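See structure below.
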There are 2 protein chains.
Amino acid sequence: MGRTQPEGPMGTASKALSLLNYFSRAQSQIGLSDLARLSGMNKATVYRLMGELADHGFVEQVGAGREYRLGPAFLRLAALREKAVPMRELALAELTKLSELTGETSHMSLLNGEVLSNLTYSYAHKHGTMVMMEDAEVLELHSTGSGLAVLAFSPAPFVDAILSKPLVARTPETVTDPAAIQALLPKIRKRGMAWSIGGYERDVYSHAVPIFDAGSQCIGAMAVAAPVSRMTDELRATIQTELALAARRTTRVLGGFPPDSFPKINPTDSPVESELT
Amino acid sequence: MGRTQPEGPMGTASKALSLLNYFSRAQSQIGLSDLARLSGMNKATVYRLMGELADHGFVEQVGAGREYRLGPAFLRLAALREKAVPMRELALAELTKLSELTGETSHMSLLNGEVLSNLTYSYAHKHGTMVMMEDAEVLELHSTGSGLAVLAFSPAPFVDAILSKPLVARTPETVTDPAAIQALLPKIRKRGMAWSIGGYERDVYSHAVPIFDAGSQCIGAMAVAAPVSRMTDELRATIQTELALAARRTTRVLGGFPPDSFPKINPTDSPVESELT
DNA sequence: AACCGATGGTTCAAATAATGAACCGAATAG
DNA sequence: CTATTCGGTTCATTATTTGAACCATCGGTT
């Protein structure tokens, strides 16, 4: 997936595909004029491109306003992808174990352009409260544990590009100073794990470990998210141990390899206190 | 989805998207040259288009042969589609009930170009044997109950186009004579339900009812598939009654409407014997 | 080793397809 | 009734796509 976006003029196919990125959980239907405005393309161009997307079932038009929404073709293609590369299934198996062992919500997300999107998750049913997740939920790179884990193991130009944009504060705890975030990354690299305490959702204490592909590129992260109020030294130790193991198994089972620089797991390591505050 | 394919020259975006259609359960990885041959496009064109698809995560290259396979973007987009239009979830709810009531495998598939692709399915666990299904399994229109149900409620030009192509016999029971199939369609239209006995898999007795969208276009079918050996008058009656009800509810809950010509369900209708033999 | 026929990838002039300002008719708002 | 919106359409201008030919590399055969 592309850490290769702004390369000269976009091809026509790319323009069509990029239109799909404006659909989200929050905005599932978009009209022609809106789409033209959002994309900065000419209305006629958008009209023709969306027509082509519609011919293939990638979008469909609905209702009186003739608004567009994502089409049914994705269900078929996602099933084919999952059959060829059962990422979701394999990740879910690890997450299920991880949630049982830790008693907390675990999830895995994939890098998609400049954000992470949630691939799948697993709840524990040990407590009356738990951190909630959603399919295809978007996680920002700068404000989440998973995002920091990914940043720490991504190429410097990519990191710089992300951190040079305005960083929105999701909570009062969110770190929005690029320099402060850059300073965190070496620690994360050394530990092979990132933390975030209340940076995304106020009361969520999150640990995250990067996941790598066959070329040792970081493609996403596996994470455990617990309520801040429930975090103890013991829980932290359990999460850190089990998450590291689960993430390593996941990278392996997906056919990937951690980079040589990635720290080896040592079971006798003492749990690490947060270094984010 | 498109019953609108062969309209003059394809746009560039369409060419790119059509490349995705060569990936299937059987062929999940395709090399550049193969793809060029399959599509009839120039190798350089395919190379550039696949590069654009790869930039957006729609395909990825893998291994030594640099072969392409479908990318992770579909997982995200499918999740967004399902969130916006929970077809799969709603259909599965109906299928689960349907399988419980009938004791047999039920499934739903969507029209995708000139074939049906399976959306989801539900097994009953009443018997030791059952008809097996798979996600994104492809069903031909001429040789399956679901396909006949769709044909019977599709525009004549579309039906003619399908039946004018060579019809492969999946089993000795498959009807491959276009005229014979055309003759079946009025009966299916009258009953609002199609049958297929051993036409696709040797020992499968299948009933199918079309599903319609908001414009009363047929978009797919819901079906119950039982082993031929298990079919009795009683089971047939149960399947016909429950399938008709489930399909009607499904069309409704998806926001669709049967066309005016579609037969109303009358609970006192006597079960129908097969008219396919 | 030399050769063959594959493969993935690249080039550049020629040909084609994409583009966008302006325009429509319809629906809505003031 | 006027003024904006909307989705959709047109067509001369323009910029992009195209494809034959070209590499370099790989694996098998002779």
Side-chain angles (χ1 to χ4, degrees), chain A residues 1-23 27-56 58-71 213-215 217, chain B residues 2-20 22-23 27-56 58-71 213-215 217:
Chain A
M1 203 118 172
R3 250 172 288 228
T4 1
Q5 278 128 343
E7 301 248 354
M10 266 198 296
T12 307
S14 284
K15 286 185 204 163
L17 297 180
S18 72
L19 288 171
L20 298 171
N21 289 328
Y22 298 101
F23 296 90
Q27 193 169 20
S28 67
Q29 298 192 4
I30 313 181
L32 176 62
S33 296
D34 275 344
L35 214 36
R37 267 188 293 276
L38 286 168
S39 63
M41 299 181 205
N42 186 281
K43 195 174 52 158
T45 300
V46 174
Y47 177 74
R48 198 168 29 75
L49 293 178
M50 292 305 281
E52 295 194 54
L53 289 171
D55 284 343
H56 291 263
F58 283 70
V59 299
E60 60 187 11
Q61 285 182 285
V62 63
R66 312 244 62 201
E67 293 194 314
Y68 296 92
R69 67 182 179 198
L70 295 178
D213 71 5
Q217 297 275 326
Chain B
R3 251 171 288 229
T4 2
Q5 278 126 344
E7 303 246 354
M10 266 198 296
T12 307
S14 284
K15 287 183 201 163
L17 297 181
S18 72
L19 288 171
L20 298 171
Y22 297 102
F23 296 91
Q27 194 169 18
S28 67
Q29 298 193 4
I30 313 182
L32 176 61
S33 296
D34 275 344
L35 215 36
R37 267 188 294 276
L38 286 168
S39 64
M41 298 182 205
N42 186 282
K43 196 175 51 158
T45 302
V46 174
Y47 178 74
R48 197 167 31 74
L49 294 179
M50 293 304 282
E52 295 195 52
L53 289 171
D55 284 343
H56 290 263
F58 282 70
V59 299
E60 60 187 12
Q61 284 181 286
V62 63
R66 312 242 63 200
E67 293 195 313
Y68 296 92
R69 67 181 181 199
L70 295 178
D213 71 5
Q217 298 273 326

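On a predicted model such as this, the values are computed, not experimentally measured, just so you know. Chain naming here is simple, since letters A, B, ... match the order of the sequence lines and numbering starts at 1 in each.
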Does K43(A) make a side-chain donor-acceptor contact with the base of dG8(D), cut-off 3.5 Å?
yes
How long is the line joining CG of D34(B) and C1' of dT7(C), in whole Å?
10 Å
Do the side-chain N or O atoms of Y68(A) get closer than 4.0 angstrom to the phosphate oxygens (OP1, OP2) of dC6(D)?
no
Residue T12(B), side-chain heavy atoms: nucleotide from dC6(D), dT7(C), dA18(C) that is nearest:
dA18(C)
Side-chain touch L49(B)/M41(B), heavy atoms, less than 4.5 angstrom
yes
Just to confirm, is there a sub-4.0 Å distance from OP1 or OP2 of dT7(C) to any side-chain nitrogen or oxygen of Q61(B)?
no
Take R37(B) and N42(A), find for each the nucleotide of DNA chain C with the closest heavy atom, and name the residue whose nucleotide sits nearer the 5' end.
R37(B)
Quick check on DNA chain C: between M41(A) and I30(B), whose nearest nucleotide comes earlier from the 5' end?
I30(B)
Is there a side-chain contact between R66(A) and the phosphate of dG8(D), meaning an N or O under 4.0 Å from OP1 or OP2?
yes
Rounded to whole Å, please give me the gap between CG in L35(A) and C1' in dG8(D).
15 Å
Using the side-chain heavy atoms of A44(B), tell me which of these nucleotides is nearest: dT17(D), dT10(C), dA21(C).
dT10(C)
Does S14(A) reach the main-chain N or O of M10(A) with its side chain, forming a donor-acceptor pair under 3.5 Å?
no
Go through F58(B) and F58(A) one step at a time and tell me if the side-chain contact (heavy atoms from CB on, under 4.5 Å) criterion holds.
CA-CA 12 Å; F58(B) 282 70; F58(A) 283 70; 3.9 Å; yes
Between E67(A) and A13(A), just flag the one whose closest nucleotide in DNA chain D comes earlier from the 5' side.
E67(A)
L49(B) CG to dT16(D) P: how many Å, rounded?
15 Å
d(CZ, R48(A); P, dT10(D)) in whole Å
13 Å
State which of dG19(D), dG8(D), dT10(C) makes the closest approach to the side chain of L32(A).
dG8(D)
Give a yes/no answer on whether the side chain of Y47(A) brings an N or O atom under 4.0 Å of OP1 or OP2 in dT9(D).
yes
Distance-minimising heavy-atom pair for L38(B) and Y22(B):
O-OH, 3.5 Å
With a 3.5 Å distance limit and no angle check, can you tell me whether Q61(B) reaches the backbone of E67(B) through a side-chain donor-acceptor pair?
no
Check the phosphate of dA18(C) against K15(A), side-chain N and O only, distance under 4.0 Å to OP1 or OP2. Yes or no?
no
Given dT17(D), is OP1 or OP2 found less than 4.0 Å from the side-chain N or O atoms of T45(B)?
no
